[in-house]
Amino acid sequence: MAVTDVLLERGLVTRDQIEAARATAEAGGASVLNVLVQQGAIDRKDLIRCTVEAAGLEYVEAMDVSLDPEAVVLLTSDQARKYGVVPYLLEGNILTVITDSQTAGDWRVRDDLQAITRRSVKFACSVKSEVVRRINQEYRAEAELGALVKDMMVGKGVVDVLDPVAIESDAPLVRYVNLLLLQAITDGASDIHVEPTESSIRIRFRIDGVLKEMAPAPKEIQSAVISRLKIMSDMNIAERRIPQDGRLTVQTKTQRMDLRVSSMPTVWGEKIVMRILDNSSAQLALAQLGFSDANLAKWRESYERPYGMLIVSGPTGSGKSTTLYATLNSINRPEINIVTVEDPVEYRIPGINQVQIHTKAGLTFASALRSILRADPDVVLIGEIRDKETAQIAIEAALTGHLVLTTLHTNDAASVVTRLTEMGVEPFLVASALTCATGQRLARRLCDKCRAEYEPSPRELAVIGFETPEGVVPTFYEAVGCPHCANTGYRGRIGLHEVMPLSENLTNLVMRGSGASTMHEAAVANGMRTLRQDGWLKVAQGMTTISEVLRVVA
């Protein structure tokens, strides 16, 4: 059966769509199926599913199925990765493995697997990226990391950490570091902490905002591991007394990741922290960040104005930069000149002029802003307001017809005003320039594969002060844990927001120098949903849990 027949049979496309795609394909020399995908008529995943079925093979969701333990032990980690297969099911003498459609058609892979397992091999197919993810999930690198540590310890003397050639040629060391990075990326970590202690190297991954302890490494390989990471990040391995910054790129089978690396001397040696920069987060739309409909409408009304200052506030790691990048994506057009001043520039965005701060060379936020305002910008993004001078220039830019986006470290939206005035900015200037202030936190999102519905008692809800959002029938869930979420019960994060546009009465309060609590009360009276209230909305909608909201919102 042809793939187009399967698509028609499933009702995924119409005959008219196929004929139109065929005409386009003949004119452009492309395939009909690729044209259907490019035109948005079908999803690539649906195309793969139908292609597999047309070939008479079984299609399975690699990330969702339960694997037979008796099948998994038949292949080692290296063998599964080499052939790109996931052992799925063992029935008698028949082993079913999951792979992509291209590998399923390779008779040499089948022969090799049959020789290795001494079983008849049958293929089931899935999306290639999901096959790779399931392999990495099932065959975690921890055991292999432990074996490599033993290899590095057996029969070895002291590694000369000042000799790059020796370090580069030390194969177990290189593989250990590479596996460490691969495991962090596979687990969806945002940061890797390599921390020397008195007796070992402590390894921790920050996953969905929470640090997770990994298997430690022996103290004896500390110098070698840290020097390897510093060489990869283009740091000076001879300098161990002062902090250093570097950058490296990691290429896996499915993605390319940039890592921002920093070293810091401690009493037990240099600590290394690597921030994993996933460029896909810089391309997100605002609707994907967890804004409620009401909050998104307020924020959109603010950034669609031709001038004014928009400030996103919150602690470090609360997603402020991601919100600003998503806002830039919404307004980025060829007729608009957008310039950013950042320290550091974490994500590169096409079509936007990004300036990296270099304090030692004299390029600070304030000096960069003065130059930028002479470069005919329409929109200016300032990574962070840190001092009075930067705040003053940013406000002047907003008052002279520019749209200014920036961040500030405060606990809530109302505190933005008081922080600016504490920096020495006159209240009347803040009142004139500030268009909207937003407070933000990140809560872990429930894994939709394993979350379990439950009903909390009225007393429990009363103790925490739960407020049922208007117009929502709450459905409560609790975290469970499954292979899809690494048994945490959570996968990904969602934003909690409070959006405070400056209305006329709020502007009057700013000019009178009112405190943050007065501003907060007035904003709530104007209809602002607080961070906790927005959290309760996400709980009622089944996106997160009560305990998670209480963890991130005071």
Are the side chains of [X] and [Y] in touch, meaning some heavy atoms are under 4.5 Å apart?
| X | Y | result |
| --- | --- | --- |
| I201 | I203 | yes |
| T488 | I207 | no |
| V250 | N178 | no |
| E478 | I546 | no |
| R551 | V210 | yes |
| L95 | K122 | no |
| M214 | R204 | no |
| R247 | V261 | no |

How about [X]: does its [atom1] atom have over 12 heavy atoms from other parts shown lying under 6.0 Å from it?
| X | atom1 | value |
| --- | --- | --- |
| N332 | CG | yes |
| D387 | CG | yes |
| E70 | CD | no |
| Q102 | CD | no |

Flag, side chain of [X] to backbone of [Y], donor-acceptor distance under 3.5 Å:
| X | Y | answer |
| --- | --- | --- |
| S263 | I272 | no |
| D208 | R444 | no |
| E498 | G439 | no |
| Q288 | A285 | yes |
| T117 | L74 | no |
| S227 | A224 | no |
| S126 | A62 | yes |
| T407 | G383 | yes |
| D68 | L90 | yes |

Can you name the closest pair of heavy atoms from [X] and [Y] and give their distance?
| X | Y | value |
| --- | --- | --- |
| R202 | T197 | CB-CG2, 4.1 Å |
| Y477 | L446 | CB-CD1, 3.5 Å |
| L286 | S330 | CD1-OG, 3.8 Å |
| P87 | A71 | CB-O, 3.2 Å |
| I116 | L75 | CG2-CD2, 4.0 Å |
| V127 | Y59 | CG2-OH, 3.5 Å |

Handout entry: Pair listing, ring pair (Phe, Tyr, Trp, His ring centres under 6.0 Å) test, anchored in residues 213-239, at least two apart
Key =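 Qualifying pairs: none.
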Handout entry: Those residues that, when tested against F466, pass ring-ring contact (aromatic ring centres under 6.0 Å, His included) (two or more places apart)
Key =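 Only F476, W536 meet the ring-ring contact (aromatic ring centres under 6.0 Å, His included) criterion with F466.
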Exercise for the section: For the pair K538 and I494, evaluate side chain to side chain contact (heavy atoms under 4.5 Å, CB included) and give the outcome as yes or no after the intermediate values. Expected result: CA-CA 9 Å; K538 303 301 193 306; I494 189 168; 4.0 Å; yes
Can you tell me how far the [atom1] atom of [X] sits from the [atom2] atom of [Y], to the nearest 0.5 Å?
| X | Y | atom1 | atom2 | result |
| --- | --- | --- | --- | --- |
| E548 | R445 | CD | CZ | 12.0 Å |
| M528 | K298 | CE | NZ | 8.0 Å |
| I382 | T406 | CD1 | OG1 | 5.0 Å |
| R275 | D191 | CZ | CG | 4.0 Å |
| Q244 | I242 | CD | CD1 | 6.0 Å |
| L405 | K320 | CG | NZ | 14.5 Å |

Checking side-chain polar atoms at under 3.5 Å, does [X] have a donor or acceptor matched by the opposite partner on [Y]?
| X | Y | result |
| --- | --- | --- |
| D258 | T249 | yes |
| S415 | T410 | no |
| S292 | R529 | yes |
| Q354 | E342 | yes |
| T99 | Y83 | no |
| W299 | T323 | no |
| K219 | Q222 | yes |

Problem - K128/E130 ion pair, N-O < 4.0 Å - result: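 The answer is no: the pair does not qualify as a salt bridge.
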Exercise for the section: Would you please name every residue forming a side-chain hydrogen bond (donor to acceptor under 3.5 Å, both in side chains) with T530, sequence neighbours left out? Expected result: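 Per chain and number, T530 pairs via side-chain hydrogen bond (donor to acceptor under 3.5 Å, both in side chains) with Q533.
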Problem - side-chain hydrogen bond (donor to acceptor under 3.5 Å, both in side chains) against Y88, all qualifying residues, sequence neighbours excluded - result: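 Scan of Y88 (side-chain hydrogen bond (donor to acceptor under 3.5 Å, both in side chains), adjacent residues dropped) gives none.
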Exercise for the section: Only one of V355, I338, V341, L328 passes side-chain contact (heavy atoms from CB on, under 4.5 Å) with L381; say which it is. Expected result: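 It is L328; the other options fail the test.
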Handout entry: Working for side chain to side chain contact (heavy atoms under 4.5 Å, CB included), residues V312 and T327
Key = CA-CA 11 Å; V312 181; T327 305; over 6 Å; no
Problem - Set of side-chain contact (heavy atoms from CB on, under 4.5 Å) partners for E198, sequence neighbours left out - result: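 W268.
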Exercise for the section: Give the intermediate values and the outcome of side chain to side chain contact (heavy atoms under 4.5 Å, CB included) for residues V131 and I98. Expected result: CA-CA 7 Å; V131 172; I98 305 171; 4.2 Å; yes
Practice task
Show the numbers, then the answer: is there a side chain to side chain contact (heavy atoms under 4.5 Å, CB included) between L67 and R134?
Solution key: CA-CA 10 Å; L67 303 184; R134 191 60 191 267; 3.5 Å; yes
Under 3.5 Å, which donor-acceptor pairs link side chains of residues 451-465 to any protein atom two or more places apart or in another chain?
unit_1	atom_1	unit_2	atom_2	d
R451	NH1	G542	O	2.6
S457	OG	E460	N	3.1

Exercise for the section: Walk me through it: do E270 and K230 pass the test salt bridge (charged side-chain N to carboxylate O under 4.0 Å, His left out)? Expected result: CA-CA 10 Å; E270 288 180 283; K230 289 174 73 175; 3.0 Å; yes
Exercise for the section: Dump the intermediate steps for salt bridge (charged side-chain N to carboxylate O under 4.0 Å, His left out) on K82 and D112, then the final yes or no. Expected result: CA-CA 11 Å; K82 176 182 177 182; D112 285 356; 5.6 Å; no
